[in-house]
Amino acid sequence: MFNTRTKIKTLLAQEATGQEVIVMGWVRSFRNNQFIALNDGSTNNNLQIVTELGLLDENTLKRITTGASLKVVGELIPSLGKGQKVEVKAKTVEVLGDCDGEKYPLQLKNRPSLEYLREVAHLRFRTNTFGAVFRVRHSLAFAVHKFFNDKGFVYLHTPIVTSSDAEGAGEMFRVTTLPLDNPPRKEDGSIDFAEDFFGKSANLTVSGQLEGELGAMAFSDIYTFGPTFRAENSNTTRHLAEFWMIEPEMAFYDIEDNMNLAEEFIRYIIRHAMENNREDLEFLAQRLAEEEKQLPQDKRSEMGLIEKLEFVLNNNFERITYTDAINILLDSPAYKKKKFQYEVKWGIDLQSEHERYLVEKHFKKPVIVTGYPAAIKAFYMRMNDDGKTVAAMDILAPGIGEIVGGSQREERLEKLVQRMEDMHVPVDEMQWYLDTRRYGSVPHAGFGLGFERMVQFVTGMGNIRDVIPFARTPKNCEF
RNA sequence: UCCCGAAUAGCUCAGCUGGUUAGAGCAUCUGACUGUUAAUCAGAGGGUCGCUGGUUCAAGUCCAGCUUCGGGAGCCA
């Protein structure tokens, strides 16, 4: 058995009584031919390994370079130096893997930029920032499952490859095995997808919601948590071509139940990270604070990262209707001073600048907007009694914008079919979906939460490409 | 896709209104030192100035196109 080591996170919490320990990890720095800062990814804190002069031969000393991997056997003792509580006095040091200093792209003392690290994304996990980000990401993902599991939701795996293009959530990636240079064609010259692998045109999913509704009609409460794809040519700090989405769907829920669940859910996973990743979050808060020092005073956030998260835990989200939102905007000093680039009037879709104003200037906390005009929302959203608005809800977060989009679904068959026809959704292809409304239809609701945007919110990272291990964006599919 | 900005050493950046051999800090390598904490000290190596074309006696510097990156907008989660 090779792995008899103790992880560094565990060792740093132990009482140092000179007990023998085995540690393995990667060299972060090597000072004075004597002091190795070793990291194994279990925590951002390094373990100091002390090698007494003369312990190691010349050759081994030369091989202990930044990035090299080591196996160290030694005694855990109280540190003689000031920077750390405990350290390991080495008995043996074995280089497991060499790391050529001339070629290694990560020399951390250079404080490489986030942009540069994106180019070496295969190595960036070894930095403090990305170590913290991806431990927090893991923790949030774990909390997602724990939250829903504890409430009795069924984790339903909706398909990645679909033939349905009804959701209209965006441009889709086509999945095909047809030859690109010479596809089979029908008599009218169009491509004959009957000859394709699935016998019809297929795409990568843009949402698991419709399939999720099928599950909710049997299990009552389900959720999906999986990759989602949009072939939009979006070049922003908050869009990816491949991202992870959480989509719960609940039978016997109305729009208010839906909002309550979403709010409880967001608080739960943030609290989980706060309780389990405190050190990483404090490191990220520090990083963010230093980054913001570069900004002019008026661009800096009023709250630090930790305060912001605590604020979200301790304050209810503001709930307003779309109509209220429009009225607040029309009454705002920003509107009167003509600060908005886009027109404000009932019926428009809220623009980024409007959402930012509501969230960051007016309420200064997350806001849930409900009751959007039917014309600007998807076909499956339930029509309100006014005949003009639908039971939709968006949760807007400071700095990120829309983090959740959800609705109570239209459970009445005739109204749903009418909406589909009005919005040119192919009713014939959607009979399987309409069956839910034919056979024991019930009021139900659900929402979608973009996981990476949540990770951005919790870690304070400004660019969504820095919160997913390997970002897929237009013109970029490395690694 | 649109608007703005950027691209100079492995990294982070200087390089002014065009003018000899393109600089700094860090990293790397060599040596010294040895309880260091972004260790310190001395020395060395390292560049097709993103690509293509143009203007000019002369282009890292000016112009055009392209590529990539960053910020903002749209689309959205």
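Values below: every heavy atom of this structure, side chains too, minus hydrogens, waters and symmetry copies. Just so it is clear: chains get the letters A, B, ... in the order the sequence lines come, proteins before strands, and each one is counted from 1.
- Within the structure, a side-chain polar atom (N or O) of Arg31(A) is placed less than 4.0 Å from OP1 or OP2 of rA39(B).
- Separation of the P atoms belonging to rA39(B) and rU21(B) is 39 Å when rounded to the nearest angstrom.
- By the 4.5 Å heavy-atom criterion applied to side chains, Val404(A) and Ile266(A) are counted as neighbours.
- Within 4.0 Å (heavy atoms only), Thr237(A) reaches sugar-phosphate atoms of the nucleic acid but no base atom.
- When heavy atoms are screened at a 4.0 angstrom cut-off, Ile403(A) is found touching the sugar-phosphate backbone but no base atom.
- With a 4.5 Å cut-off on side-chain heavy atoms, Ile320(A) and Ile368(A) do not count as touching.
- Note on Lys103(A): nothing from the nucleic acid sits closer than 4.0 angstrom, heavy atoms only.
- The separation of rU36(B) from rG19(B), taken at their P atoms, amounts to 48 Å, rounded to a whole angstrom.
- Taking the C1' atoms as reference points, rA27(B) lies 37 Å from rG65(B), given to the whole Å.
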Do any side-chain atoms of residues 136-148 of chain A form donor-acceptor pairs under 3.5 angstrom with protein atoms, and if so which ones, sequence neighbours left out?
unit_1, atom_1, unit_2, atom_2, d
Arg137(A), NH1, Glu452(A), OE2, 3.0
Arg137(A), NH1, Val467(A), O, 2.8
Arg137(A), NH2, Glu452(A), OE2, 3.0
Ser139(A), OG, His272(A), ND1, 3.2
Ser139(A), OG, Asn277(A), OD1, 2.7
His145(A), ND1, Tyr223(A), OH, 2.6
Lys146(A), NZ, Asp150(A), OD2, 2.9

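- Glu353(A) comes within contact range of no nucleotide atom at all, as no heavy-atom separation falls under 4.0 Å.
- At a cut-off of 3.5 angstrom, counting only N and O atoms as typed in the model, there is no donor on one side facing an acceptor on the other between the side-chain of Asn32(A) and the base of rU40(B).
- Scanning RNA chain B for stems, defined as runs of 3 or more consecutive Watson-Crick or G-U wobble pairs whose donor-acceptor distances all fall under 3.5 Å, gives the following ranges: B:1-7 with B:67-73, B:10-13 with B:23-26, B:28-32 with B:40-44, B:50-54 with B:62-66.
- Among the protein residues, Gly101(A) comes within range of the sugar-phosphate backbone only, with heavy atoms under 4.0 Å from sugar or phosphate atoms but none that close to a base.
- A donor and an acceptor atom never sit less than 3.5 Å apart when one is taken from the side chain of Gln107(A) and the other from the base of rU28(B).
- Between Phe340(A) and Tyr335(A), the ring-plane angle classifies as tilted under the 30° and 60° cut-offs.
- With Arg135(A) as the partner, the side-chain hydrogen bond (donor to acceptor under 3.5 Å, both in side chains) test is satisfied by one option alone out of Asn44(A), Thr459(A), Thr43(A): Asn44(A).
- Rounded to the nearest Å, the gap between the P atom of rG35(B) and that of rG23(B) is 39 Å.
- The closest side-chain heavy-atom distance from Val369(A) to Glu355(A) is not below 4.5 Å.
- Atoms CG and CD, on Leu305(A) and Glu282(A) in that order, are 10.0 Å from each other to the nearest 0.5 Å.
- Contact check, Ser352(A) against rG74(B): a side-chain N or O comes under 4.0 Å of OP1 or OP2.
- Spacing between rC2(B) and rU55(B) at atom P, rounded to whole Å, works out to 29 Å.
- rA24(B) and rA9(B) have their P atoms separated by 14 Å, with the value rounded to a whole Å.
- Judged by the 6.0 Å and 45° rule, Arg267(A) forms a cation-pi pair with Phe317(A).
- Here the nucleotide nearest the side chain of Ser113(A), chosen from rU12(B), rA73(B), rC75(B), is rU12(B).
- Looking only at side-chain heavy atoms (C-beta outward), Val312(A) and Pro366(A) come within less than 4.5 Å of each other.
- With both ends at atom P, the span from rC3(B) to rG74(B) equals 16 Å, rounded to whole Å.
- Using a 4.0 Å cut-off, some side-chain N or O of Gln351(A) falls inside it from OP1 or OP2 of rG74(B).
- Checked against rG74(B), rC11(B), rG35(B), the side chain of Tyr116(A) finds its nearest nucleotide in rC11(B).
- With hydrogens and angles left out, the side chain of Ser234(A) and the base of rC75(B) share a donor-acceptor pair within 3.5 Å.
- Backbone-only engagement by Arg465(A) is indicated by non-hydrogen atom pairs under 4.0 Å involving sugar-phosphate atoms exclusively.
- Contact annotation: Asn476(A) side-chain N/O to rC69(B) OP1/OP2 distance is not under 4.0 Å.
- For Arg238(A) and rA73(B), the shortest distance from a side-chain N or O to OP1 or OP2 is below 4.0 Å.
- Residue Val50(A) places its side chain closer to rG35(B) than to any other of rG35(B), rC75(B), rC69(B).
- With hydrogens and angles ignored, no donor-acceptor pair under 3.5 angstrom links the side chain of Gln34(A) to the base of rU37(B).
- The environment of Glu20(A) atom CD is dense: over 12 non-hydrogen atoms of other residues, nucleotides or ligands sit within 6.0 angstrom.
- Among the protein residues, Pro112(A) comes within range of the sugar-phosphate backbone only, with heavy atoms under 4.0 Å from sugar or phosphate atoms but none that close to a base.
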Check nucleotides 3-6 of chain B against the protein and report each pair of N or O atoms closer than 3.5 Å, with its distance, or say if there are none.
none

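- One donor-acceptor pair, N or O on each side, does fall under 3.5 Å between the base of rG35(B) and the side chain of Glu87(A).
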Exercise. Test side-chain hydrogen bond (donor to acceptor under 3.5 Å, both in side chains) on Gln351(A) and Gln341(A) and set out the steps.
Key: CA-CA 9 Å; Gln351(A) 302 294 318; Gln341(A) 196 188 330; over 6 Å; no
